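Take a look at the structure set out below.
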Amino acid sequence: MWLLSDPLVTTFLRSFLALLFAGAALSKLRHQEEFVGVVRNFRLMPEALAAPVAAVLPWLELAVAAGLLVDPALPYAAAGASGLLVLFAIAMAINVARGRKAIDCGCFRTGYKQTLSWFLVLRNVALAGAGLVLLGLVDPSRAATWADIATGAFAASVAMLLYITFGLLGGVAATARNNGHLA
């Protein structure tokens, strides 16, 4: 457990989750009308709540992203990140269990539809676990050095690029399958 509480690891997790939430929020804000449709398509709330939820959610995600980078806010932001990710996982799981896999997850508005799957549910649960690691294992006995911060932030940036790339590849593959280009 000492490795997980190392400042380099916690800097990586904080930076990665902050990039994840900020990227998702900004994408949703740029495509607000489309995101209302995504929320509505999950069919988990009354129709009248879809637009307000779609309007508030990106701002919550931005608040979580900012909080992950500010020491006094870290416990609240880590709990918020884990809570939102579990909520997203539950919403996805309900729709996958209903057989509604063809709908867009709503994670990032890339132009490619990332359809729901048990893999996306597990991904969100794993990401929620990263938030819980931040919540419970930050060791204040060793302060982060500039090397920890630079290395952790750089590693998080690379991990985020890989995360987005795999998401785009999944969306491209789903689009190709739906258009009959892949067997």
Side-chain angles (χ1 to χ4, degrees), residues 8-39 41-42 53-70 74 77-78 80-93 95-96 100-134 148-179 181-182:
L8 174 60
V9 174
T10 57
T11 299
F12 167 78
L13 291 174
R14 289 172 80 163
S15 299
F16 180 80
L17 289 173
L19 287 169
L20 178 77
F21 276 94
L26 294 173
S27 175
K28 290 168 186 159
L29 288 170
R30 277 195 308 272
H31 304 281
Q32 186 68 40
E33 195 170 302
E34 182 182 337
F35 185 58
V36 171
V38 170
V39 171
N41 203 20
F42 269 78
V53 166
V56 169
L57 186 58
W59 296 104
L60 283 173
E61 290 175 331
L62 277 178
V64 164
L68 286 164
L69 300 176
V70 178
L74 177 60
S82 292
L84 284 172
L85 288 161
V86 167
L87 183 67
F88 300 155
I90 290 169
M92 289 178 194
N95 277 282
V96 171
R100 301 187 72 244
K101 296 178 185 178
I103 64 175
D104 187 9
C105 75
C107 304
F108 289 93
R109 313 300 335 127
T110 61
Y112 289 105
K113 193 171 164 179
Q114 193 172 8
T115 57
L116 300 184
S117 66
W118 289 115
F119 173 77
L120 288 184
V121 173
L122 291 174
R123 178 198 69 185
N124 277 26
V125 169
L127 290 169
L132 293 176
V133 166
L134 286 175
D148 292 329
I149 294 168
T151 304
F154 180 75
S157 299
V158 171
M160 181 53 58
L161 286 172
L162 290 171
Y163 179 90
I164 291 170
T165 300
F166 283 115
L168 285 170
L169 288 174
V172 168
T175 300
R177 263 191 312 277
N178 292 338
N179 293 334
H181 297 294
L182 292 176

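For the numbers below, each heavy atom of this structure counts, side chains included, while hydrogens, waters and symmetry mates do not. Everything numeric in this text was worked out from a predicted model, so none of it was measured.
- Closest heavy-atom contact between Cys107 and Ala24: O-CB, 3.4 Å.
- For the residue pair Ser82 and Ala128, the shortest heavy atom distance occurs at OG-O, 2.7 Å.
- Contact between Leu62 and Ala25 at its shortest, heavy atoms only, is CG-CB, 3.6 Å.
- In this structure, SG in Cys105 is found 5.5 Å from CZ in Arg123, a value given to the nearest 0.5 Å.
- Going from atom CG of Leu85 over to atom CG of Leu127 covers 5.5 Å, rounded to the nearest 0.5 Å.
- Side-chain contact check for Leu84 versus Phe21: some heavy-atom pair is nearer than 4.5 Å.
- Sorted by first then second residue, the side-chain hydrogen bond (donor to acceptor under 3.5 Å, both in side chains) pairs that include residues 53-64, not counting sequence neighbours, are Lys28-Glu61.
- For Ala89, the side-chain contact (heavy atoms from CB on, under 4.5 Å) partners at least two apart in sequence or on another chain are Val121, Asn124, Val125.
- In this structure, Val133 and Val9 have side chains that are not in contact, with every pair of non-hydrogen atoms separated by 4.5 Å or more.
- For the atom pair CE of Met92 and CG of Leu122, the computed distance is 11.0 Å after rounding to the nearest 0.5 Å.
- A search for side-chain contact (heavy atoms from CB on, under 4.5 Å) contacts involving Ser117 returns Phe119, Leu120, not counting sequence neighbours.
- By the side chain to side chain donor-acceptor pair (under 3.5 Å) test, Asn95 pairs with Arg100, sequence neighbours left out.
- From Ser15, atom OG reaches atom CG of Leu69 across 6.0 Å, with rounding to the nearest 0.5 Å.
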Exercise. Yes or no on side chain to side chain contact (heavy atoms under 4.5 Å, CB included) for Thr10 and Leu74, after CA distance, side-chain angles and deciding distance?
Worked result: CA-CA 11 Å; Thr10 57; Leu74 177 60; over 6 Å; no
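- Ala22 and Ala65 get closest at one heavy-atom pair: N-CB, 3.7 Å.
- Residues Pro58 and Gln32 form a side-chain contact, since some pair of their non-hydrogen atoms from C-beta on lies under 4.5 Å apart.
- Residues satisfying the side-chain contact (heavy atoms from CB on, under 4.5 Å) test with Val96, not counting sequence neighbours, are Lys101, Leu116, Trp118.
- For the residue pair Val53 and Val39, the shortest heavy atom distance occurs at CG1-CG1, 4.2 Å.
- With sequence neighbours excluded, no residue forms a side-chain contact (heavy atoms from CB on, under 4.5 Å) with Ala126.
- Considering every non-hydrogen atom in both Ala78 and Leu134, the closest pair reads CB-CB, 4.0 Å.
- Looking only at side-chain heavy atoms (C-beta outward), Val64 and Leu17 stay at 4.5 Å or farther from each other.
- With values rounded to the nearest 0.5 angstrom, Leu13 atom CG is found 9.5 Å from Leu8 atom CG.
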